[in-house]
Amino acid sequence: NAGVTQTPKFQVLKTGQSMTLQCAQDMNHEYMSWYRQDPGMGLRLIHYSVGAGITDQGEVPNGYNVSRSTTEDFPLRLLSAAPSQTSVYFCASSQPPLVIQFFGPGTRLTVL
Amino acid sequence: AQTVTQSQPEMSVQEAETVTLSCTYDTSESDYYLFWYKQPPSRQMILVIRQEAYKQQNATENRFSVNFQKAAKSFSLKISDSQLGDAAMYFCALRLQGAQKLVFGQGTRLTINP
């Protein structure tokens with residue numbers, strides 16, 4: 001049971017490049033979320049999903065796309081990376097009615 | 001909208017002593033959950049303790065306990081017998097009943113002095 005996994009652990013992009021951050025969980029959780037962590041600001045919700053085929057925007061969705069084709073996977077896409085997207089990205093999952101969210105190890109993204 | 005505020009960017013404590021980290025929050029809802037997460041240098045987010053708003057009794061997990069004051073919207077974390085492994089960033093977070101979103105505070109960096 002690997003829990004929540006994220007790849008890659010580190011990534012450097014140039015402005016305008018695109019990439020996908022991968023997130024997978026093997027706990028059969030319905031809920032999955034993406035957060036970004038910036039210095040002095042804690043974690044902020046980007047997008048979330050309450051089940052396969054269902055996604056919604058969080059607090060800071062601009063510049064990011066998501067999809068949820070399976071219960072296990074919830075990729076985060078940056079279509080045209082900007083320096084403002086330099087951050088640490090966390091994926092999390094949970095299973096209602098339980099309220100605890102399980103976090104992945106994070107991806108550190110730098111956009112030059 | 002919900003907000004969570006941690007007014008102490010940094011704290012330090014001597015090993016084996018007790019330290020209290022502060023957290024205040026704001027919500028108009030009555031059903032919610034509060035959490036403290038620990039983030040060591042490894043970056044992993046680790047759940048330390050949680051509190052259900054409908055419970056008056058303060059949650060306790062070994063050396064970690066909370067002081068939950070619902071009327072004051074305060075949720076502090078007390079770490080007793082501090083250990084070197086407690087050094088980390090600590091985040092306070094709020095989640096409404098039935099909601100997916102966790103709202104985090106800015107974090108408090110805790111240093112343990114040997």
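By convention in this document, chain letters (A, B, ...) are assigned in the order of the sequence lines, proteins followed by strands, and residues within each chain are numbered from 1. The analysis underlying the following values was restricted to heavy atoms, covering all of them including side chains, and did not include hydrogens, waters or symmetry mates.
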Under a 4.5 Å side-chain heavy-atom rule over Ile, Leu, Val, Met, Phe, Trp and Tyr, are A:Leu109 and A:Phe103 clustered together?
no
So what's closer than 4.5 Å to chain A heavy atoms on B:Ile46: side chain, backbone, both or neither?
neither
Interface moiety of A:Pro96 toward chain B, non-hydrogen atoms closer than 4.5 Å
neither
Scanning both residues in full, the closest heavy-atom pair of B:Pro41 with B:Ala87 reads CD-O, 4.4 Å
Of all heavy-atom pairs linking A:Ser18 and A:Leu13, the shortest is O-CD2, 4.5 Å
Rounded distance [0.5 Å steps], CZ in A:Phe74 versus OG in A:Ser67:
8.0 Å
Pull every donor-acceptor pair under 3.5 angstrom between chain A and chain B and give the atom names with distances.
from, atom 1, to, atom 2, distance (Å)
A:Ser33, OG, B:Gln100, NE2, 2.5
A:Tyr35, OH, B:Leu102, N, 3.1
A:Gln37, OE1, B:Gln39, NE2, 3.0
A:Gln37, NE2, B:Gln39, OE1, 2.8
A:Val99, O, B:Arg95, NH1, 2.6
A:Gln101, O, B:Tyr37, OH, 3.3
A:Gln101, NE2, B:Gln100, O, 2.7
A:Phe103, O, B:Gln44, NE2, 2.9
A:Pro105, O, B:Arg43, NE, 3.3
A:Gly106, O, B:Arg43, NH2, 3.0

Taking the side chain from A:Thr20 and the backbone from A:Pro75, do they hold a donor-acceptor pair closer than 3.5 Å?
no
Less than 4.5 Å to any heavy atom of chain B: does that hold for the side chain of A:Leu45, its backbone, both, or neither?
side chain
Determine, using the 4.5 Å side-chain heavy-atom cutoff (strictly less than), whether B:Phe91 and B:Leu21 are members of one ILVMFWY cluster.
no
Is there a path of hydrophobic side-chain contacts, each under 4.5 Å between heavy atoms of I, L, V, M, F, W or Y residues, that connects B:Met89 with B:Phe64?
no
